[in-house]
Each structure stands twice: as C-alpha cells, then as structure tokens.
Protein chains: 2
Amino acid sequence: MVTIKDVAREAGVSVATVSRVLNGSGPVSAQTGERIREVAGRLRYVPHGGARSLITRKTHTLGVLLPDLYGEFFSEVIRGMDDTAQRQGFHLLISRAHADKHGIETAMRAMRGRVDGVVAMSPDLDAESLLNVPSMLPVVVLCSAPRGDSADCLTIDNYAGSKAMVGHLISLGHKRIAIITGAARNYDAAERMRGYRSALRQAAIAADGALAVQGGFTESGGYAAALQLLAVTPRPTAIFAANDSMAIGALSALRESGVRVPEDMAIAGFDDIPLARYMDPPLSTVRVPTYELGARAVEILLHGIRNQNHHARHRERVSTELVVRRSCGAVPGRSPQR
Amino acid sequence: MVTIKDVAREAGVSVATVSRVLNGSGPVSAQTGERIREVAGRLRYVPHGGARSLITRKTHTLGVLLPDLYGEFFSEVIRGMDDTAQRQGFHLLISRAHADKHGIETAMRAMRGRVDGVVAMSPDLDAESLLNVPSMLPVVVLCSAPRGDSADCLTIDNYAGSKAMVGHLISLGHKRIAIITGAARNYDAAERMRGYRSALRQAAIAADGALAVQGGFTESGGYAAALQLLAVTPRPTAIFAANDSMAIGALSALRESGVRVPEDMAIAGFDDIPLARYMDPPLSTVRVPTYELGARAVEILLHGIRNQNHHARHRERVSTELVVRRSCGAVPGRSPQR
DNA sequence: TTGTATGCGTTATCAT
DNA sequence: ATGATAACGCATACAA
C-alpha cells in the first residue's frame, strides 16, 4: 500500500506538504502543488481513512443498527438513509443485531471509533432500555420510543394510521373486524393494535379476543392467521393486517378458500409497499413514508453530530396516510390507483 | 471518551498490560487481570476500532458496493452476506454507488483503510472494466463477469435458468413467446435475454423483435410493457418477464385488460421472491438462491483476505431452479406450492 | 512557502 | 509478569 510517505519521497517534499496539497489546507506554491498531485495520481495514492479519522476525530461514517433486514420495508429505509448521508459526505456502516441485550451491546462496541453516530432500529420493546448507554456518541432510535433522553427518537404514527384504517372499515358498515397482529413485544405492532382498539371503542364495538391473531409480520404468518380467522364464528367481515406482507398472505388464503375479496371479506394492510397496488384486488393500506423515515433519521443524527450531542433531544413522529384501494370494498372501479 | 490510558492509570498498570489482558495475549497474573477487567467494565471502556486496525492492519470489516438497493432481492443478498460475515467476526460497510466510473471510484476511495476487502455488485456492463484497479485489496465482483483476473467473480446462471423457463413454455405448446427485458446494459438482463433467444432457436422458432420489450426491472415497467405486448398482432400467448417484479406488474396489467392468466396468456418471472407464490395465480418463476449468493460472495472474499489476495481467482456461477406454479398453465390445481 | 515534530489510541517489540 | 517505547498513517502547531 502506497502511503503519504511514498508520495512525499517521490515528489521530493515532506509529508506535511503533501497533506496540505491534498487537503487544500495551508499555503503551497502552485508548482509543487502540481507536482505532488501528479505524483499522487501516478502512484494511485489513496489516503488511509482509518488513520486520518484517528487524528481528525471524524469518521464521516454513520452506524446503522438493524434488527433484521428483509422485506422491501428495510431496503427502502436504507435507501433514504444512504441518499441523505451521501449527500452530506457520509457513509453507512450497517450491522444487523439480534435485538437482545447482548446483540445490541456487541454491535455498539464494534462501532466504537468507526462511526460518528448511530441510527438504531429497535422495535423490540425489551431492547429499548439497553440503548441507554451513557456515551458521547449521538444516537437516533428508530421505530421505538425509549423513556430516557439519552437519544433522539423517530417513530411512525402507527396509532393514528391504524385508527384511521379501522375507522374507515367501520364507516363502510363493518362491525366484526379482525386484526392480524405483528410480532410480539414489538413497538409498531403494539401501537397498531392500540389504534385498532381505540377505533372500535370509539364506535362502541365490543372487542372480541377471537378476532385478534398473531401473524408475525410475514406472508406465511398472514396466510395461517387468515385461515384461523375463517374458522371463527360468527365470521368477521373484515380483516386488518398490521402490515402488507401479512395482508398479501391473507389474500392468498382467502382466495384458496373461495372467499371473495372484497365482496365476502374486506382486507386492509399497513405500509403501502410498492407491490400493494398490484395485488388482486389492489390492497387498501396505510402508507408509511419509508424512504423519508430513513432520510429524516439521518438528518436528525447529523444534527446531533454537528452539535456534539449537546442538543435538545428530538422526539419526532412521521405521519401516515390512508390509501383506499379495492380490497376493502370502498372503491367499485377496477383500475388501481397509479 | 475513555481510552486505554485511562484504564491503565485507574488500575495502576501500564497500557501494555491492559492491552494484554483485554486481548488475551501474553502472560498476566490472574490478580491484575481481574482488576483490569473490573476497571475497564466500570469505566465502560470500549477499544477504538480505528486505532486498533491501524496497527493490526485488519479492520474486520467488509465493504459492499451496490448499484442501488431496492426490492427484496437486495435485502436478501445483504442478509446472506451479513450472516456469513458476522459468523466470522466481520462487519459490513455498505455503500451505494452510481454505477458509473466516478461513482465507483469515489466509493472505492472512501473504503480505503476501512475495509479488508470489497464485494462489488456491478451488473452494469459499462462499469465492470473500472474495477480493474490494481490494488492489494481483495475484490469479489457480483453479478458481472469482468474480463481481467484482478478479482474473483460470482454470477447467477441466468442463461440456463432463462433457457429452462422458455423451454418449459415451449413444451407447453407456446410458439409466440414475448420477453419483458431488464435494464439496458445490465449483465443479468443480457444473459436472460441470451437464454431466451437460445431456447427459441433450439425449437426453431423465429425471433420476433416486436415481442421483446424493455421493462427496466420494475413493477411499473412490467405493467407498461405488458400493455404494449397486448397490442402486438398476432398477440403472444406467453410472456416471460426477466424478473418477478415485472411479472407482477404484467399480471396486474393483464387483469385490468380482461386477459385471463394462464388461460389466455401464460406468465413467468425470474428470481422467486417470497411474494411470488402468493400472487393470483401463483407465479411460475426461476428460483435464484439470493441469500446463498450473498453468503457465497462473502465466503470467497474471506478466502481472498486470508490469502492476502495471492490466491487463484475464483470464477463461480450459482445455479437456478425452475419453479412451476399456476401462472404458466402447467399446473391445474389451485393451491400454491408451499 | 516549506520542514520538523508531536500526537491520535492501539498493538507489538524489547527490555527488565 | 510487567513496563517503556516504537510504530501504524495521517494532520497540524510551530519553527524556519
């Protein structure tokens, strides 16, 4: 590996001069500047990021801690983060961690000295308290609302979105509305459940425990949950799945069971993944601005980094939007909303 | 930030001893070892990764260069990479780069000194030559087959998969088979096209230029392409989409146009994303072992790192598998394959 | 305008 | 078994 010393020797100057030229700092004669640049290019010199960050105390890298990354949801969040970070000259160090105490701690340790700040996605309720690691490292907690104020946090307005969707189903005349819930002990899942309950209560509809089934946020979970709900008597007339993947699984289960959607059963999801509008029927859902979520998290983190973590803590919530398509029976037409 | 010096001072020893204890290197008395560990824990000492890697010349980090990361395909690849890397004590530095010369160079520069090796996904044909940066850094090129031997490379067997699927459609009696192609100048897209052509030629079916339409690998592209294909006369009886996203978009377009699948038109995709089996009808496709692709890329890279890049270059191809479901009309039953 | 010297936090080498 | 010190690659305060 060619270092700054090699360049200095080859150009017949000191390393300080090379550094000055390559960073545009300090005065330097146009002539030596040109020569050094030529040599650096010829030798294919690339500064060693680790060494540089050791002395500048900046890595220009943001750590991203994720529980697990499958599904379109995560890749959209990452896109939003990366676009925003890159625009400000930052890179992403992405790490998946099992959302338990050990996993998060290990990941945070590994990031020490490699990142200027961390975006931690920990929807798992058990884990949130563990982020309260007193540290100078700015942290933005995504999709969870830890109690302390050691970190900024950014959440989705699951409650309002869920309540709006269930309220919409109620306004269509549904009284027996089932919910396929997400993973246990998950913040988003819990909040969506809370919105569901609240909407029912507001309409004076008694909650029926048999109408709430776990789906674990996966297609297969939604598939199984839908089959289970079809066996409940009296049968529900609408199913609200806490995310689109489960809604799509449910859709498939109903189709196989000969249950027509939306005529015999209304279906709604949550997230509005790109595929939702291409389903048959197109899926009514709650749009989560996924890309913006990632982008905003990075903005907040960069703010914390610039202020060396001495800023007033953010506590932000991005709002959702009701997207009514055909699967809930409100729209008679056949073309999907483009 | 608490450093190794703070721990040493607090424990009344030298930094060398602290380092020995924390790394388990060299001899140390049980007593001082215990004391140091206690102090380090109390002070919440975490070693500075950057400083450490400067002297050990190991970062335990793998760079991942991606063209863009949306859709389930990329998140699955990343999962495979991260699982494998983490199991070997490595982390992932993920960077998206515009697949042009400047983008790739910038990204590679930013990784210098921060990673032990790079997995570069550059399906864009223009960019492949640019990876020929003479360097000691081990590189695995994913989904592209650069000519030089400066890097290992790992590709999908697009050709065989595509040929098998088109061959299957032919065996079902189809003669006018359309293809919705992927992005222009993309390796995967080009290879899938090549397989399509080869299957037709082998069956002595003349290629019809009107039956090949660009879809750009997106749902909306597939949607538009399908509408375009419906206008071709004589109309094709089967559509092979070069990935599942486009197939799903096409499915939606046909449904709106009142064209029944598979009765009036057979449809097939490529990739076998999780959602494929939940479509209506379940989508016939070519399974790409996406997770394994990422996992294998990291394995190859780690091998290169261990041998300091002085190894014989790998040139590997992962094979695909034909997945026949209902959308191509070969399976009469109604339940999806689970 | 340029060079010398110091330090960033850590590991490694050589004494003791 | 432990300590002092050099070295990693770079940026920068200070001297020239």
Side-chain angles (χ1 to χ4, degrees), chain A residues 1-37 39-40 43-61 109-116 135-137 308, chain B residues 1-37 39-40 43-61 109-116 135-137 308:
Chain A
M1 269 308 148
V2 34
T3 76
I4 197 173
K5 283 185 190 169
D6 301 317
V7 178
R9 188 179 335 107
E10 181 80 8
V13 294
S14 74
V15 293
T17 305
V18 177
S19 176
R20 274 190 283 260
V21 170
L22 267 37
N23 294 306
S25 63
V28 64
S29 85
Q31 182 187 345
T32 48
E34 196 44 53
R35 188 170 75 254
I36 288 173
R37 237 178 290 275
V39 172
L43 263 49
R44 284 183 146 65
Y45 167 67
V46 179
H48 188 290
R52 189 211 291 255
S53 68
L54 188 56
I55 184 141
T56 59
R57 315 182 82 67
K58 295 186 200 317
T59 64
H60 287 278
T61 302
R109 286 179 67 93
M111 293 207 169
R112 160 81 211 278
R114 300 188 181 287
V115 301
D116 296 334
S135 152
M136 276 300 84
L137 202 67
Q308 295 155 107
Chain B
M1 268 309 153
V2 33
T3 75
I4 197 173
K5 283 185 188 169
D6 300 317
V7 177
R9 190 178 335 107
E10 180 80 9
V13 295
S14 75
V15 292
T17 305
V18 177
S19 177
R20 273 190 284 259
V21 171
L22 267 36
N23 293 306
S25 64
V28 65
S29 85
Q31 183 186 344
T32 49
E34 196 44 52
R35 187 170 75 254
I36 288 173
R37 236 178 291 272
V39 171
L43 264 49
R44 286 183 144 66
Y45 168 68
V46 179
H48 187 291
R52 190 210 296 253
S53 68
L54 187 56
I55 180 108
T56 60
R57 314 183 82 67
K58 295 184 200 316
T59 64
H60 287 278
T61 302
R109 285 179 69 92
M111 292 204 169
R112 160 82 211 278
R114 303 188 180 287
V115 302
D116 296 334
S135 152
M136 277 299 87
L137 201 67
Q308 293 153 108

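Below, chains carry the letters A, B, ... as their sequence lines are ordered, and counting in each starts from 1.
Of the possible donor and acceptor atoms, none in the side chain of B:R114 sits under 3.5 Å from a partner among the backbone N and O of B:T61. The closest donor-acceptor contact from the side chain of B:T59 to the backbone of B:D116 lies under 3.5 Å. Side chain of A:T56 to main chain of A:R52: a donor-acceptor pair is present (N/O by atom type, distance under 3.5 Å, no hydrogens or angles). A donor-acceptor pair under 3.5 Å is absent between the side-chain atoms of B:R20 and the main chain of B:G26, judged by distance alone.
Put simply, CZ on A:R57 is 5 Å from P on C:dG9, counting in whole angstrom units. Remark: P of D:dC10 and CG of A:L22 are 10 Å apart, rounded to the nearest angstrom. Rounded to whole Å, the distance from CZ on A:R114 to P on C:dG9 is 15 Å. Here D:dA4 presents its P atom at 13 Å from NZ of B:K5, a figure rounded to the nearest Å. Between B:D6 atom CG and C:dC8 atom C1' the separation is 13 Å, expressed in whole Å. The separation between B:R9 atom CZ and D:dG3 atom C1' is 16 Å, rounded to whole Å. At whole-Å resolution of the value, CG in A:D116 and P in C:dC8 are 18 Å apart. One interatomic measurement links the two molecules: NZ of B:K58 to P of C:dT11, which rounds to 14 Å at whole-angstrom precision.
Out of D:dG9, D:dA11, C:dG3, the shortest distance to the side chain of A:T56 is found at D:dA11. Closest to the side chain of A:T17, from the set C:dG9, C:dA12, C:dT2, is C:dT2. Checking D:dG3, C:dG3, C:dT2 against the side-chain heavy atoms of A:V13 singles out C:dG3 as nearest. Proximity note for B:H48 (side chain, C-beta onward) versus C:dT10, D:dG9, D:dT2: the nearest is C:dT10. Side-chain proximity of B:I4 to C:dT2, C:dT10, D:dT2: nearest is C:dT10.
Contact between the side-chain N/O atoms of A:S14 and the OP1/OP2 oxygens of C:dG3 is found at a separation under 4.0 Å. Between A:R52 and D:dG9 there is no side-chain polar atom (N or O) within less than 4.0 angstrom of OP1 or OP2. The phosphate of C:dG9 (OP1 or OP2) has no side-chain N or O of A:R112 nearer than 4.0 angstrom. Contact annotation: A:S53 side-chain N/O to C:dC8 OP1/OP2 distance is not under 4.0 Å.
Evaluation of atom-type donor-acceptor distances gives a pair under 3.5 Å for the side chain of A:R20 against the base of C:dG3.
A:T32 comes within 4.0 angstrom of sugar-phosphate atoms only, judged by non-hydrogen atoms across all strands, and of no base. Counting non-hydrogen atoms under 4.0 angstrom, A:S19 reaches a base of the nucleic acid.
In this structure, the side chains of B:V21 and B:T32 stay at 4.5 Å or more apart for every pair of heavy atoms.
Between B:I55 and B:P27, the residue anchored closer to the 5' end of DNA chain D is B:P27, taking for each the nucleotide with the nearest heavy atom. The nearest heavy atom of DNA chain C to A:S29 and to A:V15 marks one nucleotide each, and the one closer to the 5' end goes with A:S29.
Within the model, atoms NE2 of B:H48 and CZ of A:R57 stand 7.0 Å from one another, a figure rounded to the nearest 0.5 Å.
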